[in-house]
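Step one of this worksheet: look at the structure below.
Below, each value reflects all heavy atoms present in this structure, side chains not excepted, and no hydrogens, waters or symmetry copies.
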Amino acid sequence: MTSWIHSAVLATSLAATVAIGFASAAIYAEAPSAPAVKSDRLPVVADSGSFLTIETRKDGVSVLSRVPVAD
């Protein structure tokens with residue numbers, strides 16, 4: 001019975017080690033991820049002259065907002 005428990009622990013440890021190895025390999029893979037297409041994705045619902053686009057930047061985030069312009 002003791003050898004059965006030790007075998008189960010050893011098999012679990014081996015499986016965990018292999019899983020960590022695959023995860024590490026995935027992180028350091030040479031294949032770059034596809035870059036996002038950068039474009040203005042805000043819908044144009046009115047004449048662009050009646051709106052003002054404001055960009056707010058933070059670490060790693062850029063937020064575009066369209067606000068109506070008073071005439």
Verify side-chain contact (heavy atoms from CB on, under 4.5 Å) between His6 and Thr2, making sure each step is shown before the conclusion.
CA-CA 6 Å; His6 284 96; Thr2 303; 3.1 Å; yes
Steps toward side-chain contact (heavy atoms from CB on, under 4.5 Å) verdict (Val67, Ile54):
CA-CA 8 Å; Val67 295; Ile54 300 173; 3.8 Å; yes
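- Looking at residues two or more places apart in sequence or on another chain, you find no side chain to side chain donor-acceptor pair (under 3.5 Å) involving Ser3.
- Qualifying side-chain contact (heavy atoms from CB on, under 4.5 Å) partners for Val61, counting only residues two or more places apart in sequence or in other chains: Val63.
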